Amino acid sequence: MMTTVNALSMILLISGSLFFLAGTLGLLRFPDVYTRLHALTKADNLGLGLIVAGLALEAQGWLTAIKLLLIWGLVILASASIAHLIARGALLRGIKIWKE
């Protein structure tokens, strides 16, 4: 029998997966490195946040939920730093911003 917590967890996990899918589509479809980075960092961070929230609801204890939230925070910091480095490297190499 599915409880309310299980249903909410499943909704969060599916929503997070859809955001990961949207980020992947942005990577494949957007025209330049800057918009691709934006799609990946925003969609993947939100997707991971939803997945972490869904997993935290199913966690056996508070310590596990706190560890999951800590992992999410570290991934947010890392992805922002890496995206900045990639964008700066592209800018220094002279890669132009896409214009119609």
Side-chain angles (χ1 to χ4, degrees):
M1 183 170 179
M2 183 175 285
T3 64
T4 306
V5 173
N6 288 344
L8 182 59
S9 178
M10 186 170 56
I11 290 169
L12 288 170
L13 290 170
I14 291 170
S15 299
S17 299
L18 291 175
F19 272 97
F20 274 119
L21 179 64
T24 302
L25 289 175
L27 174 67
L28 297 173
R29 303 270 314 178
F30 285 157
D32 67 347
V33 66
Y34 307 106
T35 54
R36 289 176 182 170
L37 277 173
H38 179 75
L40 280 178
T41 55
K42 300 303 178 200
D44 286 355
N45 285 334
L46 182 58
L48 182 60
L50 290 170
I51 287 176
V52 163
L55 292 175
L57 287 176
E58 297 290 333
Q60 296 298 320
W62 286 103
L63 186 60
T64 305
I66 291 171
K67 287 179 184 178
L68 287 168
L69 292 173
L70 180 62
I71 290 169
W72 181 45
L74 292 172
V75 168
I76 287 175
L77 290 173
S79 69
S81 301
I82 295 301
H84 174 75
L85 289 173
I86 292 171
R88 186 169 189 266
L91 191 63
L92 290 175
R93 287 182 181 251
I95 298 174
K96 304 282 186 209
I97 295 174
W98 180 77
K99 295 180 183 179
E100 285 186 46

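Everything numeric in this text was worked out from a predicted model, so none of it was measured.
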Least distance between heavy atoms, Ala65 atom then Ala59 atom: N-CB, 4.1 Å

From CD1 (Ile51) to CG (Asp44), nearest 0.5 Å: 9.5 Å

What distance do Leu55 atom CG and Ser9 atom OG have between them, rounded to the nearest 0.5 Å? 6.5 Å

Anything under 3.5 Å between a donor and an acceptor, one on a side chain of residues 78-94, the other on a protein residue two or more places apart or in another chain? List them.
| residue | atom | partner | partner atom | Å |
| --- | --- | --- | --- | --- |
| Ser79 | OG | Asn45 | OD1 | 3.2 |
| Ser79 | OG | Asn45 | ND2 | 3.1 |
| Ser79 | OG | Val75 | O | 3.2 |
| Ser79 | OG | Ile76 | O | 3.2 |
| Ser81 | OG | Leu77 | O | 2.9 |

Going by side chain to side chain contact (heavy atoms under 4.5 Å, CB included), name the residues that satisfy it together with Leu18, two or more places apart in sequence or in a different chain. Ile14

Side chains of residues 23-33: which donor-acceptor pairs under 3.5 Å do they make with residues two or more places apart or in other chains?
| residue | atom | partner | partner atom | Å |
| --- | --- | --- | --- | --- |
| Thr24 | OG1 | Phe20 | O | 3.0 |
| Asp32 | OD1 | Thr35 | N | 3.1 |
| Asp32 | OD1 | Thr35 | OG1 | 2.6 |
| Asp32 | OD2 | Trp98 | N | 3.0 |

Co-members of the apolar cluster containing Trp62 [side chain, <4.5 Å]: none

Going by side-chain heavy atoms closer than 4.5 Å, which hydrophobic residues are tied to Val5, directly or by a chain of links? Leu8, Leu12, Phe19, Leu46, Leu50, Leu57

Is there a continuous path of hydrophobic side-chain contacts, each under 4.5 Å between heavy atoms, that joins Val52 to Ile71? yes

Does Leu37 belong to the same Ile/Leu/Val/Met/Phe/Trp/Tyr cluster as Ile95, with side-chain heavy atoms less than 4.5 Å apart forming each link? yes

